[in-house]
Amino acid sequence: MENLTKSRDWSGFVLGSPEEWPLSLRTSLSILVHSPFPSAILWGRELYCFYNSAFKQLLLLANNYIPAQGLPVEKDQNFWHTVQPFITLISYGNNKAASFSQTVTFKSNESPEERYTITLSAVPGEGKQTGGVYITAMPEPALNARVAVLASRTDLEQRFVDFIAAAPIPISVYVGREMTVEVANDAILAAWGKDRSVIGKTFREALPEMEDQPFYSILQEVYRTGIPYHGTGARVDFKINGKMETFFYDFTYTPLRDRNGNIYGIVNTGTDITREVLAKKKAEENEQLLRSLVQEAYVPTSLLQGPDHIIILANDVALKLWGKDASIIGKRIIDGVPELEGQPYMRILDHVYETGITYHGAENRVFMEVDGVLKELFVNIIYKRLVAAEGAEPYILCMGYDVSDQVRVRKKIQENERELQRTNQQLAIALEAGMLGSYEVFLKTGLLECTDQFRANFGLPLGETVTFNDVLDLIVPEDRDAVLASIQSAIDKNEHYNAEYRIKWHDGALHWIKASGRVLYDIKENPEKIVGVALNITDSKEAIQKTIESEQRLNMALDYTGTATFDLNLVTKELIYSNLLPEIFGYASNEKLSHATLRAHIHEEDFLRVEKAFQDAMVTGTYFYEARIVGFDKVVRWIRTQARVIYDSRKNPQRMLGTVLDITRSKNEQNRKDEFIGIISHELRTPLTSIKAFGQFLHQQTLNSKDETSSGLLQKMLSQVDKLNVLIQDLLDVTKIEGGKMKFHYSDFDFNKLVNDVIEEVQVTTFKKIILTNTAGNVTIPGDRNRVEQVLINLLTNAIKYSPDSDRILVDVHNAEGSVICSVTDSGIGIAKESLPFVFDRFFRESDERSHSFPGLGLGLYISAEIIHRQNGKIWVTSTKGKGSTFSFSMPLHHPPA
Ligand code: ADP
């Protein structure tokens with residue numbers, strides 16, 4: 001056939017070149033070429049003719065027409081004429097299996113007549129079409145020999161045994177109800193593992209191993225019904241070399257009918273698909289295994305398929321990790337787990353799918369939406385591309401192990417470590433800032449590990465190794481034993497070790513060290529080392545020494561002036577004081593005294609006053625009183641206490657620091673002075689009253705005698721006598737106040753009327769206009785009317801006196817809560833700010849020259865204040881130097897409770 005195909009120029013041939021011919025034509029041609037029997041093929045409706053050399057010999061022999069190879073045959077030539085009807089019978093279109101046999105005689109001129117059985121069988125074409133007809137001519141004797149045994153049952157003459165024999169696919173023919181193997185080609189014999197000896201035997205004899213298999217009964221059925229049977233992928237077990245082996249076949253049992261349409265046999269064709277079936281099985285098994293592996297895996301595992309990463313499988317742990325349920329299976333991963341959008345994993349999946357390079361990711365940060373909340377996870381990831389079963393798209397096996405907890409714990413540990421480092425750094429900074437040297441003494445070896453600050457504190461060269469003994473040597477001999485004892489005690493009692501000692505630096509300088517430490521024990525509770533800090537406190541020691549010295553000096557000075565100091569803790573009532581304080585209270589100087597003890601010594605008449613001063617001090621911050629105490633030695637003394645209150649940030653009183661001065665002597669002197677003033681003023685009053693009476697008498701006489709000069713002089717004398725009287729009255733009042741003898745005569749009086757009366761009275765003595773700018777509502781108040789009058793007169797006369805350049809005085813009366821207030825305002829010289837706290841003091845007068853040009857003793861305001869205070873009123877002043885002053889007082893509307 002090679003020659004056949006090669007030698008010819010096929011261009012323009014209707015079938016095209018041989019490579020383009022239908023497979024079945026090419027196969028039949030190859031059978032034709034190799035067949036020992038005369039064979040020919042007529043292909044297509046045009047009957048393109050192909051034949052082998054044996055067929056050509058036969059045609060030559062019979063002087064028959066020899067058609068050209070590959071060209072349509074001329075149908076009216078004799079041989080072809082003979083086969084023509086059969087060709088037509090094998091109708092093109094459906095009857096694939098049909099075949100017909102006819103015995104024909106070829107007769108040449110020289111040779112005797114030769115009889116051949118011509119068999120025509122359909123060759124399948126494209127699709128269901130019959131492609132052509134295969135013609136075999138079999139010489140009679142050969143046929144006779146082959147089918148002698150079957151001759152009685154079948155008309156073998158009409159069969160195309162040789163075509164079958166040469167066919168490359170397994171073909172066998174069974175004849176008769178017993179299924180006698182009439183034909184079995186080499187291919188089927190090889191498949192059965194049998195040799196030609198089975199030909200002529202019945203199916204059951206030939207293939208006893210088929211006894212338990214269904215094939216024989218299927219054959220019977222086909223034979224009975226005439227319905228062809230097609231088996232696909234059927235398992236069949238053949239005994240090969242005495243051993244049962246399993247195969248898989250696609251096979252056909254096609255009934256053979258004779259000219260009358262009666263079934264006489266069955267053609268069995270088969271295709272061994274064992275390899276494919278096993279491969280498929282294997283692939284299926286593998287896939288099943290993979291699926292169960294994925295499903296059972298403890299690690300979250302999923303299987304994605306194709307370029308879109310369809311979720312084929314995801315085990316429960318994977319679903320849990322994703323926060324999803326099984327409904328996402330079958331979806332694209334990006335649809336099932338949409339939060340992956342924007343995260344790098346989609347890109348990685350694509351890369352793995354395209355390149356097949358496995359991706360390993362440790363502690364990848366993944367965000368998954370779990371229960372509607374985007375959760376940060378840390379996952380170890382493997383993406384691996386897997387080859388799928390034949391024809392299927394590759395998979396990616398995804399395994400991701402949630403290591404979030406580990407990562408978090410590790411991060412926490414790292415954070416803690418950093419925190420510890422920070423703390424250590426802070427500690428180091430703190431130690432350094434505090435010049436604290438830290439050390440560790442290893443008790444067994446006596447080695448000492450320490451910071452450079454420690455070395456600096458001990459005057460040791462920086463960076464050099466230090467032993468415990470080096471340090472011990474530095475300690476001055478007087479202190480050394482105490483230090484050792486204190487260390488030993490700390491070891492024995494598992495206590496903190498604290499010591500203060502002196503060391504001598506190598507340069508001979510003496511330093512103070514304050515050291516502390518703690519003993520650390522090993523697991524067997526043996527003392528292992530002492531860790532601690534040491535501070536060079538020489539400077540502060542010196543500072544303390546200096547402070548002590550200056551305190552001593554101050555105390556000496558204070559002692560010298562008789563001033564005791566105290567420091568009272570207002571919260572704990574703890575009292576610290578100088579030695580002089582107990583002495584002032586009549587105790588021995590070293591007596592231990594509490595605040596309560598001292599309070600108990602206040603004279604009972606002064607107690608409430610002192611108590612009030614104390615309460616006021618909490619508010620004003622200033623503590624001041626002068627009072628009597630009855631000493632432990634029963635001696636009554638006058639003391640003056642002055643102190644300041646110290647507050648905390650929230651304005652709570654914390655401490656009171658102050659002094660106590662024994663003023664008994666000056667008080668006594670003052671008392672004597674008061675007594676003297678009292679006597680003098682008292683003694684002066686009587687003669688002054690007489691002088692005034694005589695003066696008035698003389699004045700009247702001079703008026704009558706119209707002696708104007710004398711009358712003027714006498715008038716002046718009388719006004720001076722009045723002034724003297726006022727002075728003496730003031731002095732007497734003062735002595736009364738000091739002696740606690742000022743008397744008050746209470747009655748209810750109309751305050752407005754009093755003000756009007758006083759204004760009227762004072763107005764006649766001055767050219768300045770006294771203007772009442774406001775009056776209170778109808779106010780009747782309880783009090784000593786005369787004394788209140790005295791106060792208002794005093795304020796008005798002061799206002800007049802100290803405002804020489806102005807021509808009016810304003811008086812204002814108004815109600816306040818529970819009281820009535822009266823103010824007197826002038827536009828006079830005013831009072832310096834620093835003098836204001838003292839204007840109500842006894843004998844106070846402004847010290848500047850201008851003020852001194854006004855006559856006065858500095859008693860009026862003192863007496864006024866006393867009068868108002870005694871009636872539970874208040875008196876105060878606001879003033880600006882050079883601008884004027886306003887003096888005010890208030891009187892309660894009702895008697896205060898007793
Ligand atoms: P004096 O007799 O000195 O006036 P007072 O006790 O009445 O005594 O007043 C005490 C001091 O207060 C006065 O010496 C004066 O310096 C000052 N003073 C009192 N009232 C006024 C005022 N209205 N204007 C300015 N200074 C005043």
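Note that the structure is predicted; figures quoted are calculated from it, not measured. Order of listing sets the numbers, starting from 1, for every ligand and every atom in it.
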Sub-4.0 Å heavy-atom approach of G828 to ligand 1: no
Closer than 4.0 Å to some heavy atom of [X] - which atoms of ligand 1 meet that?
| X | value |
| --- | --- |
| L859 | 6 (O), 8 (O) |
| E846 | 16 (O) |
| L857 | 2 (O), 3 (O) |

So, [X] and [Y]: side-chain donor and acceptor under 3.5 Å apart, yes or no?
| X | Y | value |
| --- | --- | --- |
| T597 | S594 | yes |
| H511 | Y501 | no |
| S806 | S827 | no |
| N579 | E583 | no |
| Q729 | R685 | yes |
| S890 | S819 | no |

Aromatic ring proximity H595/F614, centre distance under 6.0 Å: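 Distance test on ring centres: under 6.0 Å, yes.
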Any N or O on [X] sitting closer than 3.5 Å to an N or O of ligand 1?
| X | answer |
| --- | --- |
| S851 | no |
| L861 | yes |
| G858 | yes |
| G860 | yes |
| G856 | no |
| K801 | yes |

Per atom 1 (P) of ligand 1, closest listed option by heavy atom (Y862, Y802, F844): Y802
For atom 3 (O) of ligand 1, the protein heavy atom that lies nearest, with its residue and separation: R845 NE, 2.7 Å
Under-4.0 Å salt bridge between D722 and K692: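 Salt bridge present between D722 and K692.
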